[in-house]
Trainee: 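What follows is a single structure, and I will ask about it in a moment.
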Amino acid sequence: MDGVDKEKVQRIVYEMSKGSKYFQNEERKDAFITQKINNLRTQCDKLTQADLSHFQKVADRRILELEATRDLSRIWLHVDMDAFYAAVETLSNPTLKGKPMAVGSMSMISTANYEARKFGVRAAMPGFIARKLCPELIFVPTDFKKYTYYSDLTRKVFRRYDPNFMAASLDEAYLDITEVCKERNINSEEIADELRTSVYEETGLTCSAGVAPNRLLAKVCSDINKPNGQYVLPNDRMAVMTFISSLPIRKIGGIGKVTEHILKAVFGINTCEQMLEKASYLCALFSQSTTDFFYSVGLGLGKTDSPEIRFRKSISNERTFSATEDEVLLYKKLEELADMLSTDMQKEGLCGRTLTLKLKTSSFEVRTRAVTLPKYISSREDILKHASELLKAELPLSVRLIGLRVSHFDGDKYGGATSDPKQKTITDFITSIDANRNCFLPDVADHDLVGHTETDVSIGSWQTSRDPIDGNQSSDVNCQSGTGWRSEEVRTSGNNASCSNYGQVKEAVGSTFPIQGQFEDTSTLNLSNLPEDEGLNSCKDKTMLWLNDYKCSLCGIELPPSFIEERLEHSDFHLAEKLQKEEESRIHQRTSDSSRSWDQKNRITRESISKRQKLSQKEGSYRPIDYFFVKEQ
DNA sequence: GAACGGCAG
DNA sequence: ACTACTGCCGTTC
């Protein structure tokens with residue numbers, strides 16, 4: 001951003017925060033990092049020439065191995081909407097045009113428009129500081145429904161170029177445009193141009209694009225000519241190496257403030273190519289996974305594969321409020337969180353056995369306390385009971401945030417489900433009912449939120465929404481809005497939108513997940529947990545079955561309107577499923593509800609999977625969209 | 001394997 | 001008067 005007086009901005013930010021609890025905590029963290037840097041330096045100094053030559057050899061070998069994995073056969077495009085939330089708000093209120101504006105609140109800004117950025121106002125900056133930087137700044141509260149709606153519009157465009165595109169958040173996506181380029185015999189630059197034009201025509205919003213041989217690079221590229229621009233990095237090794245050589249490491253997804261600081265302070269690394277120059281030191285001081293990532297950065301390597309399915313590993317929620325030591329109040333907050341979390345988990349049919357309590361003290365110190373239970377839980381009572389015990393052990397304490405997380409899901413480690421006692425029971429039970437029925441394993445898996453992430457090489461390469469979410473009147477009693485809009489979102493938009501939170505995307509529910517997965521879950525729950533009539537009605541009502549004329553409201557499978565036969569078959573399937581279920585409940589009347597749910601879930605999921613596989617074989621070009629996640633909320 | 005802290009987006 | 005959520009890594013026991 002030119003025109004920004006960086007010194008002035010820094011000074012104001014410093015003056016506004018200096019002396020605050022937050023600031024003191026930042027200083028504490030800085031001190032810790034400084035210590036870490038000193039330790040690393042010491043270790044470096046201890047390295048002998050012999051050590052270094054040894055590590056150099058190891059590093060060289062590893063770099064060669066990584067180089068051998070280079071794949072220049074794919075063309076990836078990363079799209080990034082420009083100041084997305086702010087742009088959407090301006091669309092719905094044109095009087096904002098040209099004025100400095102920020103989406104968010106006094107506590108936290110999610111996105112600032114370009115006029116505001118001229119003043120140094122940025123995403124993730126608290127509103128009160130932003131106002132100091134720009135007194136006439138207009139604040140607009142976040143409205144995720146709106147962003148989800150526009151996000152869906154953009155995704156309709158993306159889908160035309162890559163039906164299997166990866167949504168990284170509401171405003172970012174990765175598209176493998178290799179095939180389109182081939183089929184239409186045009187180059188990637190033209191595709192990018194055309195795509196951006198289409199997005200603008202269909203949404204009124206501008207975006208930027210980056211094209212490169214892998215996702216890591218594509219992401220970097222989309223930032224180069226932002227806003228409303230694009231940059232193409234050809235699939236050529238020399239071009240990549242030249243591009244990467246002078247690139248500051250901070251531009252790379254996965255290298256944040258701290259890593260940048262450490263690498264610079266200890267090794268003098270500023271650019272990507274220096275990752276290779278200092279390879280022996282890195283090799284000596286960091287783990288294999290970390291050095292692999294660093295070397296990959298130096299080589300300009302990134303992921304080129306199509307999204308693999310991934311499972312959600314945890315689900316959580318947290319709230320900030322004005323710090324208090326009042327135990328009654330704290331328990332009440334805890335109860336609300338347990339309530340919301342349980343609801344979210346049930347929406348997705350999740351049960352987990354590790355519960356983690358997160359506390360942020362009034363001095364911003366973060367603590368987590370966890371327990372792993374002998375059985376899987378998901379009910380509000382179970383969560384609350386164990387959470388209360390964890391909390392109790394920490395009191396008295398002045399707290400400003402409480403969070404709860406459940407992880408270690410059943411069916412976690414693909415198939416690992418059977419290793420748990422309770423599951424064995426269920427498995428056995430179901431098996432006894434129908435020997436043919438296969439439980440758990442990948443099936444269960446699919447029913448989870450799956451996403452894919454690009455994560456990977458260690459410090460990951462995923463993306464999340466760059467616009468932090470506004471905590472919504474953060475500091476106060478407001479703990480509800482979060483979930484509220486989420487559930488609405490799910491029902492109304494029924495699409496890819498996700499509402500997430502973590503960055504890598506979501507559909508409607510909580511945070512981050514792939515849409516497909518989410519829907520499947522939702523549907524599963526509908527069928528198994530709701531009164532029979534509901535499921536049945538939905539099945540019968542063909543017009544209601546296809547959300548946005550595209551996605552099945554029951555299981556989330558995505559079938560475009562042109563798939564007429566498949567659609568018919570699909571609705572028949574749900575009907576049959578329904579009937580079968582009714583029949584079954586008659587037979588196994590005494591079956592416990594929970595067991596029946598499991599059973600039902602598995603069967604449905606299975607069907608969905610095989611259906612999808614069938615489709616992809618038949619129609620090579622069509623595959624359900626996998627999402628990844630987004631986080632927002 | 002579990003717990004915890006931290007980074008990143 | 002500095003968010004919400006998720007994933008992964010490293011360390012320690």
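Note that this is a predicted model, so its numbers are computed, not measured. All values below come from the heavy atoms of this structure, side chains included, with hydrogens, waters and symmetry mates left out. Letters A, B, ... are given to chains in the order of the sequence lines, protein chains preceding strands, and every chain is numbered from 1.
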Trainee: Between C:dC2, B:dC7, B:dA2, spot the one nearest the side chain of A:Val258, thanks.
Mentor: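 Output: B:dC7.
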Trainee: Counting side-chain heavy atoms from CB outward, which of B:dC7, C:dA4, C:dG7 is closest to A:Arg319?
Mentor: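 Given the options B:dC7, C:dA4, C:dG7, the side chain of A:Arg319 is closest to C:dA4.
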Trainee: Identify which nucleotide among B:dA2, C:dT3, B:dA8 has an atom closest to any side-chain atom of A:Ala124, counting heavy atoms from C-beta outward.
Mentor: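 Nearest nucleotide to the side chain: C:dT3.
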Trainee: Expressed as a whole number of angstroms, how long is the span from A:Leu133:CG to C:dC2:C1'?
Mentor: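 Nearest whole value for this atom pair: 14 Å.
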Trainee: Do the two ring centres, one from A:Tyr150 and one from A:Tyr147, sit under 6.0 Å apart?
Mentor: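 No, they do not, as the ring centres are separated by 6.0 Å or more.
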Trainee: Can you find a heavy atom in the side chain of A:Lys278 that is under 4.5 Å from one in the side chain of A:Phe294?
Mentor: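 No, side chains not in contact.
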Trainee: Just to confirm, is there a sub-4.0 Å distance from OP1 or OP2 of C:dC2 to any side-chain nitrogen or oxygen of A:Ser20?
Mentor: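 Answer no for this pair, as no side-chain N or O of A:Ser20 is under 4.0 Å from OP1 or OP2.
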Trainee: Looking at A:Arg367, I'd like to know whether one of its side-chain N or O atoms comes within less than 4.0 Å of OP1 or OP2 on B:dA3.
Mentor: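 No, no such contact exists.
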Trainee: Of the nucleotides C:dC9, B:dG9, C:dT3, which one has an atom closest to the side chain of A:Thr290?
Mentor: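 Of the options given, the side chain of A:Thr290 lies nearest C:dC9.
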Trainee: Find the distance A:Ile402:CD1 to C:dT3:C1' and express it as a whole number of Å.
Mentor: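 So the two atoms are 16 Å apart, to the nearest Å.
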Trainee: Run the side chain to side chain contact (heavy atoms under 4.5 Å, CB included) test on A:Phe23 and A:Tyr14 for me, step by step, so that the C-alpha distance in whole Å, both residues' side-chain angles and the decisive distance to 0.1 Å come before the verdict.
Mentor: CA-CA 9 Å; A:Phe23 188 80; A:Tyr14 174 76; 3.5 Å; yes
Trainee: When you get a sec, tell me which of B:dC7, C:dT6, B:dC4 is the closest nucleotide to the side chain of A:Arg369?
Mentor: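 Among B:dC7, C:dT6, B:dC4, the one nearest the side chain of A:Arg369 is B:dC4.
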Trainee: For a 4.5 angstrom cut-off between non-hydrogen side-chain atoms, does A:Val406 reach A:Met345?
Mentor: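 Yes; the side chains approach each other to less than 4.5 Å.
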Trainee: Establish, with yes or no, whether the OP1 or OP2 oxygen of B:dA8 is under 4.0 angstrom from a side-chain nitrogen or oxygen of A:Lys257.
Mentor: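 So the side-chain polar atoms of A:Lys257 never come under 4.0 Å of the phosphate oxygens OP1 or OP2 of B:dA8.
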Trainee: Where the side chain of A:Arg405 is concerned, which of C:dA4, C:dG7, B:dA3 is the nearest nucleotide?
Mentor: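 It is C:dG7.
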Trainee: Between B:dG5 atom P and A:Leu357 atom CG, what is the distance in whole Å?
Mentor: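 Roughly 11 Å, once rounded to whole Å.
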Trainee: Of A:Val366 and A:Ile252, whose nearest nucleotide on DNA chain B comes first from the 5' end?
Mentor: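 Its nearest nucleotide being more 5', the pick is A:Val366.
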Trainee: Without decimals, in angstroms, what is the distance between A:Ile33 CD1 and B:dG5 P?
Mentor: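 In whole Å, B:dG5 P and A:Ile33 CD1 are 16 Å from each other.
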Trainee: Are the side chains of A:Pro248 and A:Asn270 in touch, meaning some heavy atoms are under 4.5 Å apart?
Mentor: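 No, side chains not in contact.
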Trainee: If you check every side-chain atom of A:Phe364, which of C:dC2, B:dC7, B:dA2 has the closest atom?
Mentor: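 Out of C:dC2, B:dC7, B:dA2, the nucleotide with an atom closest to A:Phe364's side chain is C:dC2.
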Trainee: Specify the separation, in whole Å, of atom NE2 of A:His261 and atom P of B:dC7.
Mentor: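 A:His261 atom NE2 is separated from B:dC7 atom P by 12 Å.
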Trainee: Would you indicate, yes or no, if C:dC2 has its OP1 or OP2 atom less than 4.0 angstrom from a side-chain nitrogen or oxygen of A:Ser107?
Mentor: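 No, outside the criterion.
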Trainee: How many Å lie between CG on A:Leu401 and C1' on C:dC2, as a whole number?
Mentor: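 Distance check: A:Leu401 CG to C:dC2 C1' gives 12 Å.
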Trainee: A:Phe139 has an atom CZ; how far is it from atom C1' of C:dC2, in whole Å?
Mentor: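 The answer, rounded to whole Å, is 13 Å.
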Trainee: Kindly indicate whether the side chain of A:Phe267, heavy atoms from C-beta on, has any atom under 4.5 Å from the side chain of A:Leu282.
Mentor: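 Sidechains of A:Leu282 and A:Phe267: in contact.
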Trainee: Which nucleotide sits closest to the side chain of A:Phe128: C:dA1, B:dA2, C:dT6?
Mentor: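 Ranking C:dA1, B:dA2, C:dT6 by closest atom to the A:Phe128 side chain puts C:dA1 first.
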Trainee: Return the 5'-most residue of the pair A:Gln288, A:Met16 with respect to DNA chain C, ranking by each residue's nearest nucleotide.
Mentor: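 Of the two residues, A:Met16 wins.
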Trainee: OP1 or OP2 of B:dA8 sitting under 4.0 Å from any side-chain N/O of A:Thr259?
Mentor: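 Yes, such a contact exists.
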Trainee: Closer than 4.0 Å, any side-chain N/O of A:Thr320 to the OP1 or OP2 of C:dA4?
Mentor: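 Yes, because at least one side-chain N or O of A:Thr320 sits under 4.0 Å from OP1 or OP2 of C:dA4.
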Trainee: Does A:Ser314 make a side-chain N or O approach to OP1 or OP2 of C:dG7 shorter than 4.0 Å?
Mentor: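 Yes, because at least one side-chain N or O of A:Ser314 sits under 4.0 Å from OP1 or OP2 of C:dG7.
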Trainee: Does C:dA1 have OP1 or OP2 under 4.0 Å away from a side-chain N or O of A:Arg400?
Mentor: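 The answer is no; no side-chain N or O of A:Arg400 sits under 4.0 Å from OP1 or OP2.
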Trainee: Among the candidates C:dT3, B:dA3, C:dC9, find the nucleotide nearest to the side-chain atoms of A:Thr372.
Mentor: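 Nearest to the side chain of A:Thr372 among the choices is B:dA3.
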Trainee: Can A:Ser208 and A:Tyr231 be said to form a side chain to side chain contact (heavy atoms under 4.5 Å, CB included), step by step?
Mentor: CA-CA 9 Å; A:Ser208 300; A:Tyr231 182 87; over 6 Å; no
Trainee: Output the rounded distance in Å from CD (A:Glu394) to P (B:dA3).
Mentor: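 Distance check: A:Glu394 CD to B:dA3 P gives 14 Å.
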Trainee: Please check the phosphate of B:dG5 (OP1 and OP2 only) for any side-chain N or O of A:Thr368 closer than 4.0 Å.
Mentor: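 It does, given that an N or O in the side chain of A:Thr368 lies less than 4.0 Å from OP1 or OP2 of B:dG5.
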Trainee: Give one of base, sugar-phosphate or nothing for A:Ser17, where a contact means two heavy atoms less than 4.0 Å apart.
Mentor: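 If one applies the 4.0 Å heavy-atom cut-off, A:Ser17 turns out to touch a base.
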